[in-house]
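I have placed the structure first, in the form of structure tokens, so that the comments after it can refer back to it.
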Amino acid sequence: MNHTSRRTTRFERNLATREAPWVRWTLLTLSLSFFVLFLILPLVSVFFEALRKGWEVYLLSITEETALAAIKLTVLIAFISVPLNLVFGVAAAWLIAKHDFRGKQLLTTFIDLPFSVSPVIVGLMYMLVFGANGWFGAWLVEHDLKVIFAVPGIVLATIFVTFPFVARELIPLMQAQGRDEEEAAVVLGANGWQTFWYVTLPNVKWGLLYGVILSNARAMGEFGAVSVVSGKIRGQTNTMPLHVEILYNEYNFAAAFAVASLLALLALVTLVIKTWVEHRASSQFNAAHMISADINTFSPRVVP
Amino acid sequence: MAIALTPNAWFGRQRGSSYRRSYSVLPGFNLSLGYTLGYLTLIVLIPIAAVFLKTSELSFAEFWKVVTAPRVLASYKLSFGASMIAAAINSVFGLMLAWVLVRYSFPGKRIVDALVDLPFALPTAVAGIALTALYARNGWIGQYVEGVLGIKIAFAPAGVLVALVFIGLPFVVRTVQPILEDLETELEEAAASLGARRWQTFRYVLLPILLPALLTGFALAFARAVGEYGSVIFIAGNIPLVSEITPLIIITKLEQYDYVGATAVALVMLLFSFVLLLVINALQAWSSRSIGGSR
């Protein structure tokens, strides 16, 4: 961050890039008030409301049976969907960054598609495919399999909403790094897996971790898509965000905010790891590729 | 909803796209192509196709009747209107926040920078109940705004706006910030030495450079807001014809087992999102070109 502060003073000391003090103070006041009003206050209020009735109620709310079941299910869902999308992201990035083929642009657009679909519509789609009246509905009933209103449906919806995260991180990063190192490894006799494992993976590990923590946060916090396919059966198909909704709608605010505070903690931890990874990623990348012209092609600031 | 902010990687540098297959010496083309296409088809393409096929069960007249029912029309008006206003508010404050983060030093700056991404990381349901608690009549903000000023925010259309502003803010900050960081001081020095006032430099030198990124941020925030569900439903009050968003219409129809109706409304939203995705791609291409030009 030394770098950033040096850049800031460069702007602040230069007469041509400096504003009058009153402009500066107005901008600072306005933007930071907006920041506090819209981001800090909601965050603080989660913890305040959670603890409003004291620690005893708080602890009871998060250790109660259905809450524990919701926590377990949420962890399970993330545990299944994140690795699946990780494998996909690596495969897609290897394909797009290390090979040339017709239709590459179309494929990258398709990979982005899930970001532009409303979560509610994601749930609806899986209802249409796997629901009782859906395409595979009759077949599923025949074989006594349950997708909708059961864990597989929640997993599928979660995979859809977190689909592009890892690929999104890896593709630009691997494109920026080029193919020279892998080609050298292959020429020296490494096979495909060795090349990937010993050459590519160490180069992209921070980008990979970044994608994983972002998709994990989204997987654990997804609400809209999951609420359509889950059926919200307490203790069975209720994830943490759905549990929050149910408690809230029952006017059990203290308990709702208690469970919500766990999710807010998860968000804070995610942001801390994310900031740390960004720092590590940029220093690793800059150190390794100072000479290559493409430093700016890799920006860890990618919007989920 | 996200588009990488590294458009060069997406729009340039793709040699030989006219080749039918890989001429790379690296292995794994068939495996990764097969896996990527298979997974993509299974998870994304088949479910999307289901929406189109299900809607085709309706004749066009029936489809039109469903998607232009008064309650549905009112929901478009709210969803698109509130998303537009929220994205505009975010563009103004997002630009300001990005400017302050890049150009000024102040205590706690790194924390502010990290917390800008909070709406990405905080589950929408949590954001929804927290905002409702704040803006309800007895909440920290609501007691002044509603109690003193008499403006109702929670359980009214204004609540929808508040939730959409919350979820959209990082999109604008994170698209504008890297462009501001990469800006060379020479341009502003030249403008200043030619006698421009600070405001003129901003208006005629900096803003045109920032505009593509700002519009991209606006479009991203807008696209995310239109489809948003979790944070809105708690604070909106969900009064039909007044504060009911389009995603909620889909949910309501599903709960009444009206799958075809729900799918028809979903199709309208889906088509709109796809158009928006194309617009965003075009904006990013423009953005990367204009940055490339200024270097």
Side-chain angles (χ1 to χ4, degrees), chain A residues 8 11 14 16-17 19 27-28 31 34 38-39 41-42 45-46 49 88 91-92 94-95 98-102 104 113-116 118-121 124-125 128-129 159-160 168 172 175 182-183 186 192 217 221 223-224 241 244-245 248 260 263-264 267 270-271 275 297 299 301-304, chain B residues 1-2 4-6 8-9 14-17 19-22 24-29 32-33 35-36 39 43-44 47 50 54 93 96-97 100 103 105 114 118 120-126 129-131 133-134 166 171 174 178 185 188-189 192 198 227 229-230 247 250 262 266 269 273 277:
Chain A
T8 307
F11 287 123
N14 191 332
T17 55
E19 285 84 37
L27 285 178
L28 270 172
S31 57
F34 183 81
F38 275 92
L39 298 186
L41 275 184
S45 81
V46 172
E49 297 285 338
F88 164 75
W94 180 264
L95 176 71
K98 309 288 179 190
H99 297 275
D100 298 311
F101 56 95
R102 195 187 285 244
K104 190 191 265 192
L113 216 51
F115 277 142
S116 61
S118 169
V120 169
I121 299 178
L124 168 74
M125 286 171 177
L128 295 177
V129 177
I159 289 177
F160 189 103
R168 249 282 168 234
Q175 277 182 331
E182 282 84 0
E183 281 165 359
V186 169
F223 177 74
V244 169
E245 185 203 14
Y248 189 84
L263 288 167
T270 303
L271 290 183
T275 309
T297 320
S299 148
R301 291 184 191 289
V302 172
V303 181
Chain B
M1 165 90 227
L5 304 179
T6 53
N8 288 330
Q14 282 164 13
R15 297 172 268 151
S17 57
Y19 293 152
R20 184 164 294 273
R21 60 144 290 144
S22 169
S24 169
V25 297
L26 300 176
F29 177 74
S32 57
L33 181 72
Y35 186 78
T36 304
Y39 194 75
I43 299 291
V44 179
K54 186 77 180 176
F93 285 96
M96 228 187 261
L97 207 50
V100 163
R103 299 248 165 167
S105 43
L118 182 73
F120 289 155
L122 193 70
T124 52
V126 178
I129 63 169
L131 289 170
L134 280 178
F166 173 83
F171 289 99
R174 294 307 189 214
T185 50
E188 288 161 72
E189 285 163 1
R198 194 71 189 122
Y229 175 70
I250 297 174
M269 289 195 72
S273 316
L277 186 68

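Reminder, nothing fancy here: chain letters follow the sequence lines and each chain counts from 1.
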(request) Just give me the residue among B:Ile250, B:Thr124, B:Leu131, B:Thr185 that pairs up with chain A most often, heavy atom to heavy atom, under 4.5 Å. (result) B:Thr185
(message) With a 4.5 angstrom heavy-atom cut-off, is it the side chain or the backbone of A:Tyr248 that approaches chain B, or both, or neither?
(response) side chain
(message) Can a donor-acceptor pair be found, under 3.5 Å and without considering hydrogens, that links the side chain of A:Ser116 to the backbone of A:Leu113?
(response) yes
(message) Heavy-atom pairs under 4.5 Å with chain A: which of B:Glu188, B:Lys54, B:Arg103 has the most?
(response) B:Arg103
(message) Could you check whether any side-chain N or O of A:Ser118 sits under 3.5 Å from a backbone N or O of B:Gly227, counting only pairs where one atom can act as donor and the other as acceptor?
(response) yes
(request) Select one option (side chain, backbone, both, neither) describing which atoms of B:Val44 are under 4.5 Å from chain A's heavy atoms. (result) both
(message) Counting C-beta onward and ignoring hydrogens, is there a side-chain heavy-atom pair between A:Phe115 and A:Arg168 closer than 4.5 Å?
(response) yes
(request) With a 4.5 angstrom heavy-atom cut-off, could you sort out which part of A:Glu49 is near chain B: side chain, backbone, both or neither? (result) side chain
(message) Would you say the rings of B:Phe166 and A:Phe38 are close, in the sense that their centroids are separated by under 6.0 Å?
(response) no
(request) For chain A, find which of B:Ala192, B:Ala50, B:Gly230 contributes the most heavy-atom pairs closer than 4.5 angstrom. (result) B:Ala50
(request) Report yes if the distance between the aromatic ring centroids of B:Phe171 and B:Phe120 is under 6.0 Å, otherwise no. (result) yes
(message) Using a 4.5 angstrom heavy-atom cutoff, name the option from A:Thr270, A:Leu27, A:Ile159 with the most pairs to chain B.
(response) A:Leu27
(message) Between A:Val46, A:Leu263, A:Val129, A:Val186, who has the most heavy-atom pairs with chain B when the cutoff is under 4.5 Å?
(response) A:Leu263
(request) Starting at CG of A:Leu124, measure out to CE of B:Met269 and round the result to the nearest 0.5 Å. (result) 11.5 Å
(request) May I ask you to name which of A:Ala260, A:Gly224, A:Ala264 has the most heavy-atom pairs under 4.5 Å with chain B? (result) A:Ala260
(request) Identify which part of A:Thr275 has an atom lying under 4.5 Å from any heavy atom of chain B, answering side chain, backbone, both or neither. (result) side chain
(request) May I ask you to test the A:Phe160-A:Met125 pair for a side-chain heavy-atom distance under 4.5 Å? (result) yes
(message) For a side-chain contact (heavy atoms from CB on, under 4.5 Å) check, start with the C-alpha distance between A:Trp94 and A:His99, then their side-chain angles and the critical distance, and finish with the verdict.
(response) CA-CA 8 Å; A:Trp94 180 264; A:His99 297 275; 3.4 Å; yes
(request) Measure distances from B:Leu134 to the heavy atoms of chain A and classify the residue's part below 4.5 Å as side chain, backbone, both or neither. (result) side chain
(request) Could you tell me which portion of A:Ile121 (side chain, backbone, both or neither) has an atom closer than 4.5 angstrom to a non-hydrogen atom of chain B? (result) side chain
